[in-house]
Number of protein chains: 2
Amino acid sequence: MRRLAYADRRAELVDAAIRVIAREGLAGASTRAIVAEADMPLGAFHYVFGTRDELVTAVIDQITEQERLAAWIDAGPTDLEDVLVRGLEGYLRLLESDPTRELVLLDVAAHAVRHDPDAVQRQWATYRAGAESSLRYAAELADVRWTAPLDEIAWSFASALDGLTLTWLTGRDGEAARRHIRFLARSFAALAIPRSAQEAPDAH
Amino acid sequence: MRRLAYADRRAELVDAAIRVIAREGLAGASTRAIVAEADMPLGAFHYVFGTRDELVTAVIDQITEQERLAAWIDAGPTDLEDVLVRGLEGYLRLLESDPTRELVLLDVAAHAVRHDPDAVQRQWATYRAGAESSLRYAAELADVRWTAPLDEIAWSFASALDGLTLTWLTGRDGEAARRHIRFLARSFAALAIPRSAQEAPDAH
DNA sequence: GTCTATAATGGGATAGAC
DNA sequence: GTCTATCCCATTATAGAC
């Protein structure tokens, strides 16, 4: 019964690969560099993965599982705009404290858009789903109701997060990012109304 | 006087490199592939560029020069929101008609964030400057005035464009993108007031 | 000056020893 | 089953022929 050991190896290789990509980028993540990081012989690689591309796909799936919007600060009920600001600032702090995490994501996504479009599509769908549940929770905290279909708002929110990430990564301007966050929070908050309110009879 | 021929070669190599990256990604853009695309002998490469990284930097600079927001449709004066929608939809059409252009950008940026941060910073600064002048022009068309410093709005706008691009590239959902554009236009239009109006005495 | 031919390296994959 | 040693290919860069 070496099945467990096999799964362990696979997991260790994926983790090692992510560490290498974080340090050196995807281009530097050779099979040799990865097994060195995992402290395994080279043979172990092709024992677990048929090919290098297989590993990259495994890396994508692994990254996808990690939740992007981990830390919504839920200190009591408040204004929706405040909730959104705090949530987005939590994300920005995460980004600032470990940029490599999103750097890996960017690197792998740039590769996968060409070589494994399905995996990328799954990945971004997962992000949108995460955004959706976060937004649902935020509205609950603030006791408001979204005035547009939540999946559409989530698409916009996830897109805004992509933009915030990419722009910050290319410039590392925390102040500008925080100003932008306040703008985002205001813009999204405008899509909700008090839960008790009558439906506005106009629509868009 | 072969100086001109030298510059021509350089330009041709950069263009060839961009075509190869568009087709195969940065990883596939080997010196050999590039000179083959340019129909030159391999020796010509190192005659012009000392190293491959030098070429990549040249590619970044070349891409940066191309304006991102080329086509603001300026058919007469209208609502700011309409102007923004038309401008963003113009960009989206451009993106849809030639996704490889932004794909190259993404690929090169992912590489350069690690290997040439200054070049990336210059690049994104250029985008922000482009956004700034586009927004200035849009306000003129709609006869409104921005209520926040234009460079801050431009930061947000460029970031929104990054997000739109990345999210579309990963999912290719044009309908969702167009819904998102309407949301963006509404959000940014909320940052402007009629040019004649008194300054609102509250500020943020 | 231009390019061919080659050196030197590092890569993915595998055959076969243990 | 596990890993060492090796194959073979592609790459960057260069040395030297034209």
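Below, all heavy atoms of this structure are taken into account, side chains as well, without hydrogens, waters or symmetry copies. In the text below, chain A, chain B and the rest are named by the order of the sequence lines, each starting its count at 1.
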Using a distance-only criterion (donor-acceptor N/O pair, under 3.5 Å, no hydrogens), is the base of C/dG12 paired with the side chain of A/R32? yes
Let me see the working for A/R101 and A/D98 under side chain to side chain contact (heavy atoms under 4.5 Å, CB included), right down to the final yes or no. CA-CA 6 Å; A/R101 201 175 156 276; A/D98 182 17; 3.7 Å; yes
Using whole Å, report how far [atom1] of [X] lies from [atom2] of [N].
X: B/F45; N: D/dA13; atom1: CZ; atom2: C1'; value: 10 Å
X: B/D53; N: D/dA13; atom1: CG; atom2: P; value: 8 Å
X: A/F49; N: D/dC3; atom1: CZ; atom2: C1'; value: 18 Å
X: B/D39; N: C/dC3; atom1: CG; atom2: P; value: 11 Å
X: B/L13; N: C/dC3; atom1: CG; atom2: P; value: 11 Å
X: A/R52; N: C/dT14; atom1: CZ; atom2: P; value: 16 Å
X: A/D8; N: D/dT2; atom1: CG; atom2: P; value: 12 Å
X: B/I34; N: D/dA13; atom1: CD1; atom2: P; value: 11 Å

If only side-chain N and O atoms of [X] are considered, is one of them under 4.0 Å from the OP1 or OP2 phosphate oxygen of [N]?
X: B/H46; N: D/dA13; result: yes
X: B/R9; N: C/dG1; result: no
X: A/T31; N: C/dA13; result: no
X: B/S30; N: D/dA10; result: no

Between A/G43 and A/G28, just flag the one whose closest nucleotide in DNA chain C comes earlier from the 5' side. A/G28
If you measure from the Lys or Arg side-chain nitrogens to the Asp or Glu carboxylate oxygens, is any gap between B/R136 and B/E132 under 4.0 Å? yes
A/E37 bridged to A/R23 by N-O distance under 4.0 Å: yes
Would you indicate which nucleotide in D/dC3, C/dT2, D/dA5 comes nearest to any side-chain atom of A/L42? D/dA5
Side chain to side chain donor-acceptor pair (under 3.5 Å), that's the test. Do B/T78 and B/R86 meet it? Break it down for me. CA-CA 11 Å; B/T78 19; B/R86 274 181 291 152; 2.7 Å; yes
Give, for atom CD1 of A/I21 and atom CD1 of A/I34, the distance between the pair rounded to the nearest 0.5 Å. 6.5 Å
